[in-house]
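Here the structure is laid out as structure tokens; the discussion comes afterwards.
Both backbone and side-chain heavy atoms feed into the values below; hydrogens, waters and symmetry mates do not.
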Amino acid sequence: MVGIKGVGMTALAVYLKERGKNVWGSDVDETFPTDSVLREHDIDVSLGFDTAHIDDSIDLVITTGAHGGLTNIEVTQAERKKIPVYTQAYELGQIMESYQHKIAVCGAHGKTTTSAMAAFVLNELGYKSSHVIGASRFSGLYGGHYGGDDYLVVEADEYATSPGVDNTARFLSLNPTIIICTNIDFDHPDIYASIEEVKAAYLKFFQKLNPQTGTLIYNGHNEHLKELVGKLSIKNLIPYYETDTEITLSIPGRHNKLNAQGILKLAGVLGIDTQRCLGALRAFRGVNRRFEKIVDSLYDDYAHHPAELLTTVESARQLLKQQKGGKVILVFQPHTFSRTSALLTEFAQALSEADTAFVLDVFASAREGTSELGTSQQVVEEANRLGHSNVAYSTRADLIENLKKIYQKGDIIVTAGAGSIYEAHSDIIRGLLSS
């Protein structure tokens, strides 16, 4: 598996290992949240990419979209040796074919948490279920698991299969019997030129459902989804809303209550008793890097889109309301220049919802290199132009000193971003919270 440390690849590796396959892989020599998962499953990882890693003992090479994807030197070496090469998306589609209930969870925001909820409920209630989800861990489970051939839950991603080589949406490799869609929003501007292109990809995915036997469970509040549903000839279209059923969860946020409503609709489709499902949902403890508590006063979130940042700040405010006071301090590391540029104003407005927001340098994607467009300083300038003086730029080196100037006991610090921001936690704990 080339690029095995990515969360989706690690989840797939664990699933395949639990199915009895001999799995190993390669990746860059950097620390990833998945490193411990791979170690715990005795999955060897070669550091760096080298054609020597591809020998005649290999039956199949699976590649991610990162690190060159289908153009990675290990992948091209495999092709020269006539070893079959699958993308991660294609392999997921192949795996899915053998299952009776094929459940795919998609959406711009919330798909990881919602797919984790679905997998957790099935596992908790004793069903023969498996899952491949883009998280290293969630609520006591790994992101990948083989537990039987009746139910499979996968996270279905709209991003490109292999950027620049095959820009087909990854989820188009899947043929589910049930789709849950949390929302549609404009994201991945390096792949999609407009929201219309995004909607076109989702429409193609929904149309893969069998019109008579397939089921689409969707967020009834989302305008883009409501528009697409009107174009479908699928018999089983099931919307969900925040007010459908009274739900108590152990994780904060209205968005999570909405996600859980989708799982209740799934339970209804699968014939699972509502009260049993509610009991399992109450036991769900969340997903790592999804408003994850690191220590008291420090939380971490994968949020890398303005809508996700708004949700993260709302979750922090909900906690502060319970403790009757304190500020929300957001430390944001933007991910990709193209996203930062395309959503500059939206980022500026979302960051201003925190009491104070520090914007670190952009975590650049290897596939787009560097750019003068969409820099962190431009986000701050846009916030200031809109009249928000609570958004400031910080280097990583100056972060602790900047936090010391404003942090008071009772405040919540949230680190957010899809890059390496989590690496700042030890500095924050040591330099600020342990004193």
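In plain terms, the two heavy atoms of Ile195 and Phe186 that are nearest each other are CD1-N, 3.5 Å. For the residue pair Gly48 and Ser26, the shortest heavy atom distance occurs at O-CB, 3.8 Å. Minimum heavy-atom separation, His255 to Ser315: CE1-OG, 3.2 Å. Closest non-hydrogen pair, Gly144 versus Val14, comes out as O-CG1, 3.2 Å. Across Glu91 and Leu60, no two heavy atoms sit closer than the pair OE1-CD2, 4.0 Å. When every heavy atom of Asn256 is checked against every heavy atom of Met117, the shortest pair comes out as O-CE, 3.6 Å.
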Evaluation steps, ring pair (Phe, Tyr, Trp, His ring centres under 6.0 Å), between Phe171 and Tyr202: CA-CA 9 Å; Phe171 55 29; Tyr202 275 90; 5.2 Å; yes
Yes or no on side chain to side chain contact (heavy atoms under 4.5 Å, CB included) for Leu278 and Ile247, after CA distance, side-chain angles and deciding distance? CA-CA 7 Å; Leu278 285 169; Ile247 293 178; 3.9 Å; yes
Test side chain to side chain contact (heavy atoms under 4.5 Å, CB included) on Val295 and Ile428; report intermediate values, then the result. CA-CA 10 Å; Val295 295; Ile428 295 170; over 6 Å; no
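Counted by atom type alone, Asn259 and Thr113 present zero donor-acceptor pairs between their side chains at under 3.5 Å. A donor atom on one side chain and an acceptor atom on the other are found under 3.5 Å apart for Tyr142 and Glu40. Using a 3.5 Å distance cut-off with no hydrogens or angles, the side chains of Glu382 and Thr345 do pair a donor with an acceptor. A donor-acceptor pair shorter than 3.5 Å can be found between the side chains of Asp300 and Thr415. A donor and an acceptor atom, one from each side chain of Tyr159 and Asp190, are located under 3.5 Å apart.
For the pair Ser130 (side chain) and Gly147 (backbone), a donor-acceptor distance under 3.5 Å is present. A donor-acceptor contact shorter than 3.5 Å is absent between the side chain of Asn183 and the backbone of Gly107. A donor-acceptor pair under 3.5 Å links the side-chain atoms of Lys17 to the main chain of His41, judged by distance alone. Of the possible donor and acceptor atoms, none in the side chain of Thr51 sits under 3.5 Å from a partner among the backbone N and O of Glu74. In this structure, Ser352 contributes its side chain and Gln349 its backbone to a donor-acceptor pair below 3.5 Å. Put simply, the side chain of Thr114 never gets that close to the backbone of Lys111: no donor and acceptor are under 3.5 Å apart. With hydrogens and angles ignored, the 3.5 Å screen pairs no side-chain donor or acceptor of Ser394 with any backbone N or O of Leu360. A donor-acceptor contact shorter than 3.5 Å links the side chain of Ser162 to the backbone of Leu70. When atom types are taken as modelled, the side chain of Asn72 and the backbone of Gly69 share no donor-acceptor pair closer than 3.5 angstrom. Formation of a donor-acceptor pair under 3.5 Å by the Asp411 side chain with backbone atoms of Lys327 is found in this model.
Annotation: the span from Ile217 atom CD1 to Asn219 atom CG amounts to 12.5 Å, rounded to 0.5 Å. With rounding to the nearest 0.5 Å, the separation of CD1 in Ile329 from CD1 in Ile412 is 10.0 Å.
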Scan the side chains in residues 28-39 for donor-acceptor partners under 3.5 Å anywhere in the protein, sequence neighbours excluded, and list what turns up.
residue	atom	partner	partner atom	Å
Thr34	OG1	Lys5	O	2.6
Asp35	OD2	Phe32	N	3.0
Ser36	OG	Arg137	NH2	2.7

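Note on ring orientation: taking the six-membered ring where Trp is involved, the planes of His145 and His131 are tilted (angle from 30° to 60°). Taking the six-membered ring where tryptophan is involved, the planes of His335 and His304 are perpendicular, since the angle between them exceeds 60° and thus also 30°.
Within the 4.5 Å cutoff, the side chain of Leu122 has heavy atoms near those of the Ile272 side chain. Proximity of Leu281 to Phe120: side-chain heavy atoms (C-beta onward) are nowhere separated by under 4.5 Å. By the 4.5 Å heavy-atom criterion applied to side chains, Leu270 and Tyr151 are counted as neighbours. Side-chain contact between Tyr302 and Thr112: absent, with no pair of heavy atoms (C-beta onward) separated by less than 4.5 Å.
For the ring pair (Phe, Tyr, Trp, His ring centres under 6.0 Å) condition, no pair includes a residue of residues 403-430, sequence neighbours left out.
For Glu196 and Lys199, the salt-bridge test passes: some basic side-chain N is under 4.0 Å from an acidic carboxylate O. With respect to the salt-bridge test (charged N to carboxylate O, under 4.0 angstrom), the residues Asp187 and Arg339 qualify.
Taking the six-membered ring for Trp, Phe347 and Phe332 have ring centres closer than 6.0 Å. The distance between the ring centers of Tyr99 and His101 does not fall below 6.0 angstrom.
Of the candidates Ile103, Leu92, Ile95, Leu152 forms a side-chain contact (heavy atoms from CB on, under 4.5 Å) with just one, namely Ile95.
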